[in-house]
*Asks:* 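Quick one: structure below, then a few questions.
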Amino acid sequence: MIRRPKPTDSEADLLQEQERFLASGTPSTVNVVRRPDKRSGDSEGAQGDQRDVVTIQDLPDELPTLTPAPSKKSRLKVERVRFEDEDPEERLDRHDTHISAVLSKIIERDTSTTPVSLPAFTGLAFPKVSHRPEMESMVPAAGEKRSIFARQIAAQRLKEGKTPLYFLGKLAHVSLFLPGFSAMAGPRLVSGQGLGGSDSTVETLKIHQENQGKLQAMSKGEILEEQKRLLGQLGRHMLLFEDCVAKYRSNDALPPCISPEEDLPVKPQKEWVHMDKLEPEKLEWIRDLPAPRRKGTKQAMQARFDFAGTLIPPTEDLPTHLGLHHHGEEPELAGYSLQELFLLSRSQVIQQRSLALNTLAHILTKARAGEFAAALRGSVVSTLLDAGLLFLLRFSLDDNVEGVMSAAVHALRALLVSSDDEDCLDSTLSWFHGLASFPLLPTAQEEEDEEDEGLPEVMRETAQEKEEKKTDHDVARKDVVKGLLRMKLLPRLRYILEVIRPSPRVVQDVLGVLIRIARHSSSAVLDCPRLMETVMLEFLPCSWTVPASPTPQSAYGLPVANAMKLLRVLATTGRHACARLLNSLGARERLSRLLAPEPSELLLEPEEALRVSTEAYRLWAVAASYGQACNLYTDLYPILVRVLQSAHRPWRPSDPLLPLELHRLQALLTLLTQVTHTAGCHQELSQGAECPPPPLVTWGHVTGLQPTMLGLLKGCVRTLGEPVQRESTLRLVPAYLVYMGAFYFQLSIQVTDDTLGVYSLSVVIYLCCVPRCSSAVCNPQSCCPGPETIPSLPGLHCAGWTSAGGVPGPNSPFPLITSLCYLLDTLTSIHRGLVRKAVLGYLRGCAQAKPTLSHWVLRHEHHLLYLLLRLACRLVPTDPEVAKHAALFHHVSLVMLPWLLPGSEYLAHELMATMVFNKDFIPEGQIGGPEAAEMSELQLQERSSPPLQTLGPLLREACVQLPSVRGCYLSHLAHMEPSVLSSRDFHLGRTPWLNTQLLPELSGPSLPSDWPFLPLVSLYERAGAPDGGGLQVESLPAGAVQSVTHCLQWLLLLEVWREDALRVVLPVAKLARLACIFLCSSDLFMERPVQRLTWALFRLLTRPSQLEALDLNSPPTGLASFNDLYSALVGQFEAVSFGDPLFGCVILLPLQRRFSVTMRLTLFGEHVGLLRSLGVTLEQLAIPMERFTSPPEDSLPLLRLYFRALVTGTLRLCWCPVLYVVALSHLNTFIFSQDAASQVQSTSQAQGVLRSHLLLFRLPQKDAELGFNTYDQLPPIRQRRLESVLGTQGMSDSKGE
């Protein structure tokens, strides 16, 4: 059956139905007849069609265009009966009636009795003109809008004593419910209209009397029931009208349904416009506001803000003229909530949208500054993002109103850009290696995709396909900037800059947003069509005119500092991006144009001119760090010397331009440092065949600048004693020292003592005063992220650091100390400042610190620590005074290794190659340290243990093998060689080989905290995991035994002499790493050196302090749970152990009573067969037995397993002495417990020795022959308990009876 077409069918569906109909062969119910076209003379159709055609003259050929009327639906159509065999013509004739049938039914109305009245003749105009006073007296009906004519008619009927027409219908509905109306004479429900004849009034009265009779015949209950039924049928509006009528039923006429005037806040006056229709609910807003909440309340309230983004306390009573009170849920409270601001931002009124977005921008700025941390619960930024702020701002950017668009740009900058973060990054640019920075990317999180589980690798979706399937909301939830890029933010910003050309403030906001995006994804900014071209053309022109006013109304056509900063941030991402900016976009010409004249000659505001010049120097410094734009150095060399010579004129501390001048000079010194590094590589590049082309600047170009710089540095040092110039000088000295260090490093010669005379004693004293309060390592709470930090929008957490103390603060000592250490390390000179009390105290604080490992500012403090250790490495072999603190320096180097961030791999390599495994920094190994360690261990132990007697020789052998140990660890870190080489080029100033100033993503330290266990873990991953631990020693990779031996020697040395350096590795993690020895091979643990070292480490791990810290319930790093590792260990022991005591002790360690019962159930339930080979004696076990037997076991399934193992003979004293004693102890305690709730419901079938051991067990005793003491005879208390359990009266009496 062919179905009818539906409105939702597409064209393809209709064509498919047509093909199906044609294929079925069903005849069509409609025949299409083609009528001939008379104008074309086509008569074929007329011959075939014999029907009569009626023609009418003057009838147009085309029908006129008519407006189609709405289709009418007949209510009787569904009631008609149709037959299939009925002829349509007969049905048409049957229903078609002639006009005579209609005319025959015409009846003329009798009008003889109808009076005829002629209109009265008057002198008034027709129609009558209504005047304003007359119209005001015509009050319309309540709730209705009536025309002036209708009100005139109603007024006329009232004057004649008649009821207005609009009341007739309503009164008819309420007459049944109002007693006042029921008593009226005559009917009120039936008006008689529509009844023909002259007796309509009589008929109406008859109907009324009949209704009255019915009402009188009904009882009161029936009337109420009928009334209830009628009320259910009436609508809500009719019921409201009836209630209103009932309220005023005592009045002669029904007034409008409004509140009495005495209840209103104001009394309406006739003269008031638009007060003819009163709205009481709106007039309620005129009343006085209720009083705010009392101050003593502790109930949490919704946060409200003023237009400046300031949080308004709920108890503050603000005046209403401020515009902060509105028609919300809490009208008495001033301010706007976040929800109300979101609602206001979608208003149709332009001013409201703009006001809401500006207020949100102020709130975001204050929230990111941490002003709401103490007053609000939760994160404001996170709440706004969850509510859809990102999409609201993106939609508002597309608004065609410039004011709304500008407010959206301002709010977007407040969300993305942190001024404190940018200031901190700018202030550290002149520091040692300060040009490098981390990308502001969220931490990558692995996503579990259940759809790809079980699919082969070929059928799985790629990362790009998964990313394309995500919605904008999903992307923005993980990464805000990435979500904005996906929403085409950059093309919109380009359109705003290029077409709309907004005000200077909006331009600055747009450039700030672009800088933040460039720190996240520089390629997106560079690849956006016409974006960078617009920035270069409009905001970095090569020529411009002088602004007409001091504050120009447009930023177009003038150099903008933030535009130059955008170029610098983009250039930091790589040498290719920098070359593209310099060559393709014309940044090289801009540098020459902006740096050749003095800032005062740039025809800009003084502050803006200094900022533009500073950013130009910084961009040039970044380019010089790649060996680019060095030809400008030779072109602008006289200008650079002139700037240096004029920079040290006396400055007043109150001069507002002083900070900008200092930043400019710091940027120039940073540029000269990078040019010096580049010139130092010229000779090496000239000699190498496969090296990059040598730079255009040579060493001869920079040597002439060194005397000038040296003289300027001397002048700075001399002014340190002047309090007025001290602060500004301390900002410049680090940059000078870094330059001198770079110069002497490239010079590669030793300098005489005369050069060292430059550094006065005041600098040395300042070096010795390292305040620990400014250290980020010693104060990890200073690096904690703020409450407004969210994972999808990472920042640097620098709120308040630019004005307060901290590593990048203005008064921070770290840049000066780091630069001085760098210079001293370059000069390889002896400096006794290392042994100052303040420096040693700072190093001790760092050795005990637990810093936040993923904070960017730690990188600068790591440079200081590294340089201090480098100086110590040079001075310890030659200076006895410094050598006294060698252990402290070694400890700091050990704890510093797992702190180093990505990009510092070269520092880690240098520390491991020169200091970590250097015997000069382990004085314990040279002055009887092994013997002292062995004696201290013997004093702590109450008994003598054979493995402990070998601790001294093991330590001496480890000290001898330190060079081999170093080679072992360096070989296992060979996979980091590319990162080490890249980091080396950066730290040594090899600018032609440097690819980028952007450091790797800050995802964590470059080395794991458990790096000393790296050879063990690496061997397990290569051999143990793939082969299930079944390989023999001969099948292991070459050098595996030697590598494991060196690793164990290093671990033993650290556990004995540097235990605090390994405190970051939890005891459970140490045990899990040592377990790799047993899991990576079937017999590696039996090798003599491996077993000796492992025994010593096991003894150290089972010391009382270590046992107390051991927590097997928390899974170690890299494992889901310790139970899985224990199951693998038990299976390996059962397969390959051959009863090895060392392996057995490792199996017994997790069976202590305080650990999870799951591991004990695993051994006695699934691997009970290994009890025969677990022959560890009580003397070999280094763990007190009380840890296995106390407190009593409370697991009934485990007690049953204990009992079954003893009864069946699986657990015997000769096979497994330790667990035999443990099982006896717990079963004895359970059987003879005085707790009435614990009862054994089974009788013992043990015979012989087992029965006497169970009944006579006393206490575990390690020195006893059996491992425990027994009673000579059963104690009376146990006798009575046994009798109560077995249900007898007495053992001896029962036999006699």
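Residue numbers count from 1 along this sequence.
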*Asks:* Can you pull out every salt bridge (charged side-chain N to carboxylate O under 4.0 Å, His left out) where at least one residue sits in residues 1199-1214? Sequence neighbours excluded, please.
*Replies:* none

*Asks:* Could you give the side-chain donor-acceptor pairs of residues 1109-1120 under 3.5 Å, partners two or more places apart or in another chain?
*Replies:*
residue, atom, partner, partner atom, Å
Asp1111, OD1, Asn1113, N, 3.2
Ser1114, OG, Asp1111, O, 3.3

*Asks:* Residues two or more places apart in sequence or in another chain: which of them pass side-chain contact (heavy atoms from CB on, under 4.5 Å) with Val1044?
*Replies:* Leu1016, Leu1019, Leu1048, Leu1084, Val1090

*Asks:* What residues, two or more places apart in sequence or in another chain, satisfy side-chain hydrogen bond (donor to acceptor under 3.5 Å, both in side chains) together with His890?
*Replies:* Arg1058

*Asks:* I need the full list of ring-ring contact (aromatic ring centres under 6.0 Å, His included) pairs touching residues 1112-1152, with sequence neighbours left out, sorted by first then second residue.
*Replies:* Phe1078-Phe1143, Phe1085-Phe1143, Phe1133-Phe1143

*Asks:* Mark yes when over 12 heavy atoms from residues, nucleotides or ligands other than His909 sit less than 6.0 Å from its NE2; otherwise mark no.
*Replies:* no

*Asks:* Looking only at heavy atoms, what is the nearest atom pair of Pro1184 and Leu1107, with distance?
*Replies:* CD-CD1, 4.5 Å

*Asks:* For Asn1123, what residues pass the side-chain hydrogen bond (donor to acceptor under 3.5 Å, both in side chains) criterion, not counting sequence neighbours?
*Replies:* none

*Asks:* Could you list the donor-acceptor pairs under 3.5 angstrom formed between side-chain atoms of residues 913-923 and any protein atom two or more places apart in sequence or on another chain?
*Replies:*
residue, atom, partner, partner atom, Å
Thr914, OG1, Glu910, O, 2.6
Asn918, OD1, Asp920, N, 3.0
Asn918, ND2, Thr914, O, 3.2

*Asks:* With no hydrogens and no angle check, do the side chains of Ser1137 and Asp1140 hold a donor and an acceptor under 3.5 Å apart?
*Replies:* no

*Asks:* Kindly write out the residues that satisfy side-chain contact (heavy atoms from CB on, under 4.5 Å) with Gln1106, not counting sequence neighbours, or none if the list is empty.
*Replies:* Glu1059, Pro1067, Lys1070, Leu1101, Arg1103

*Asks:* Can you name the closest pair of heavy atoms from Val1222 and Thr1189 and give their distance?
*Replies:* CA-CG2, 4.3 Å

*Asks:* Sequence neighbours left out, what passes side-chain hydrogen bond (donor to acceptor under 3.5 Å, both in side chains) with Gln848? Give chain and number order.
*Replies:* none

*Asks:* Would you mind listing every salt bridge (charged side-chain N to carboxylate O under 4.0 Å, His left out) that reaches into residues 1214-1226, with sequence neighbours excluded?
*Replies:* none

*Asks:* Please evaluate residues Leu1074 and Ile1077 with respect to the criterion side chain to side chain contact (heavy atoms under 4.5 Å, CB included), reporting the C-alpha separation (whole Å), side-chain torsions for both, the decisive distance (0.1 Å), and the verdict.
*Replies:* CA-CA 6 Å; Leu1074 286 178; Ile1077 300 174; 4.1 Å; yes

*Asks:* Can you run down the salt bridge (charged side-chain N to carboxylate O under 4.0 Å, His left out) pairs that involve residues 1153-1177, sequence neighbours left out, and say none if there aren't any?
*Replies:* Arg1153-Glu1193, Arg1153-Asp1194, Arg1160-Glu1193

*Asks:* Could you list all the ring-ring contact (aromatic ring centres under 6.0 Å, His included) pairs where at least one residue sits in residues 1163-1197, not counting sequence neighbours?
*Replies:* Phe1164-Tyr1202

*Asks:* Show the nearest heavy-atom pair for residues Trp1215 and Thr1210, with the distance to one decimal.
*Replies:* CE3-O, 3.5 Å

